[in-house]
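In each ligand, atom 1 is the first atom listed, and ligand 1 is the first ligand listed.
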Amino acid sequence: MPLAILPSAPLAPLTTFGLGGPARFFAEVTEPAHVAEALAWAKEQDLPVFILGGGSNLVVADEGFPGLVLHMRTRGQTWTKVGTKAGSAWRVEVQAGEAWDDLVAQAVQRGAAGIECLSGIPGTVGAAPVQNIGAYGQEAAETIQSVRVLDRATLDLRDLPPGECGFGYRTSLFKREPGRFVILSTTHGLAADGRPALRYAELASAVAGQLAPTLAEVRQTVVNLRRKKSMVYDEADPNRRSAGSFFTNPIVTAGTAEAIADRAVAAGLIPTPSAMPRFGQTDGQVKLAAGWLIEHAGLPKGFRMGPVGISSRHALALVHHGDGRTADLVKLALHVKGAVLERFGVELVPEPVFLGLDWPAAVAAH
Ligand SMILES: Cc1cc2nc3c(=O)[nH]c(=O)nc-3n(C[C@H](O)[C@H](O)[C@H](O)COP(=O)(O)OP(=O)(O)OC[C@H]3O[C@@H](n4cnc5c(N)ncnc54)[C@H](O)[C@@H]3O)c2cc1C
């Protein structure tokens with residue numbers, strides 16, 4: 001199909017928040033070759049370009065985006081069984097527009113282990129490396145063997161090995177330098193006939209009654225756990241208009257974590273410092289639970305500020321209840337951030353990407 005560039009298209013229906021204004025120009029990318037063609041067209045017009053996947057980690061400004069939005073809709077999964085020293089493994093190359101959860105479903109069906117705990121995460125495969133999606137003890141980066149990208153400046157194709165992707169907790173080179181590459185496909189290595197990973201305490205205890213849970217059972221358990229927290233996209237769920245977690249979990253030094261726990265004790269929020277949830281990292285740092293900080297800063301689940309609020313099932317998810325504007329969501333996010341800063345001295349950092357909006361500028365103006 002030839003590339004069709006449309007003048008003006010609403011973006012809100014293409015995001016899980018259901019918020020934001022239109023794109024000045026819009027194109028659906030159904031073939032990898034469309035990307036270079038569209039980038040060249042935008043360069044001629046001197047227009048900025050934004051790459052859109054499933055819109056599940058995105059906050060679009062009410063004013064919209066004054067450039068070209070490329071909606072990644074390329075499809076295809078190529079599965080190959082390969083021999084390794086340890087036996088056999090699966091290699092799969094997946095086009096950027098595939099739904100991430102369809103990839104997980106295919107993997108589980110084949111007995112291919114490595115991404116089963118990432119079941120139920122909305123969005124596309126092409127966006128998975130961007131914030132190195134993670135849940136229940138796994139991260140996308142653990143299985144990524146290479147990322148095929150188009151360099152937006154030179155239009156060169158490159159296969160980036162994981163070492164060049166700068167993966168970290170909910171971040172990567174692609175998130176830090178958003179204007180540099182378009183991700184066309186990813187290649188994952190998965191263990192053939194592998195066992196599910198049960199590293200996350202909540203997941204391990206949910207399958208504790210089963211002798212040797214299969215990949216399919218772990219996938220189903222993860223989806224069930226996520227559903228209880230409104231962390232799968234479900235049209236029937238009143239908390240559905242969100243981007244999942246709105247803030248990343250802060251990572252601080254052990255000393256800072258202790259000081260925050262002491263502050264919580266002094267404020268009468270918890271009886272002892274050990275009552276504050278925290279997770280030691282391999283580098284000695286400590287990950288705090290942003291949802292816990294929000295609730296203990298006086299903002300409970302179900303908190304409302306007009307048309308937006310905090311999910312009734314997850315303190316870390318901000319939700320649009322309908323008939324709102326992005327400005328309402330940003331106001332709520334600033335309110336939540338301010339409450340946590342005031343009570344604990346911790347600076348929450350948003351996880352979603354802002355389009356047409358500058359979060360640091362919004363913070364500075366607050
Ligand atoms: C209910 C819910 C639950 C969630 N749970 C989790 C979770 O458990 N763990 C987690 O990590 N995330 C979670 N998320 C966030 C989100 O699902 C992921 O970040 C997902 O990877 C976003 O994919 P997307 O296709 O929707 O990306 P979009 O929102 O469309 O885009 C996000 C960013 O990726 C860029 N991008 C997208 N595609 C490409 C491409 N092909 N090339 C270059 N850049 C690209 C965009 O430009 C943008 O900067 C959740 C979201 C929701 C709504």
- Message: Using side chain to side chain donor-acceptor pair (under 3.5 Å), reason through S230 and D237 one step at a time and then give a plain yes or no.
- Response: CA-CA 7 Å; S230 296; D237 185 340; 2.7 Å; yes

- Task: Before accepting this row, confirm whether a basic side-chain N of the pair E202/K228 lies closer than 4.0 Å to the acidic partner's carboxylate O.
- Result: no

At less than 3.5 Å, what protein N or O atoms come close to the N or O atoms of ligand 1? Include the distances to 0.1 Å.
from, atom 1, to, atom 2, distance (Å)
ligand 1, 5 (N), R226, NH2, 2.7
ligand 1, 8 (O), R226, NH1, 2.9
ligand 1, 8 (O), R226, NH2, 3.2
ligand 1, 9 (N), G134, O, 2.8
ligand 1, 11 (O), Q131, NE2, 3.0
ligand 1, 11 (O), G134, N, 3.1
ligand 1, 12 (N), Q131, NE2, 3.0
ligand 1, 17 (O), S56, OG, 3.0
ligand 1, 17 (O), P122, O, 2.9
ligand 1, 19 (O), N57, ND2, 3.2
ligand 1, 19 (O), Q131, NE2, 2.9
ligand 1, 25 (O), G54, N, 2.7
ligand 1, 25 (O), T124, N, 2.8
ligand 1, 25 (O), T124, OG1, 2.7
ligand 1, 26 (O), G54, N, 3.2
ligand 1, 26 (O), G55, N, 3.0
ligand 1, 26 (O), S56, N, 2.8
ligand 1, 26 (O), S56, OG, 2.7
ligand 1, 29 (O), S56, N, 3.1
ligand 1, 29 (O), N57, N, 2.8
ligand 1, 30 (O), G53, N, 2.8
ligand 1, 30 (O), G54, N, 3.4
ligand 1, 30 (O), G55, N, 2.8
ligand 1, 41 (N), I183, O, 2.9
ligand 1, 42 (N), I183, N, 2.8
ligand 1, 47 (O), I51, O, 2.6

- Look at the side-chain heavy atoms of Ile, Leu, Val, Met, Phe, Trp and Tyr, link any pair under 4.5 Å apart, and say whether L58 and F174 land in one connected group. no

- Pairs touching residues 17-35 that satisfy salt bridge (charged side-chain N to carboxylate O under 4.0 Å, His left out), sequence neighbours left out: E28-R73

- Task: Taking only Lys NZ, Arg NE, NH1 and NH2, and the carboxylate oxygens of Asp or Glu, determine whether K175 and E351 approach each other closer than 4.0 Å.
- Result: no

- Message: If we count only N and O atoms by modelled type, under 3.5 Å, do the side chains of N224 and Q220 hold a donor and an acceptor together?
- Response: yes

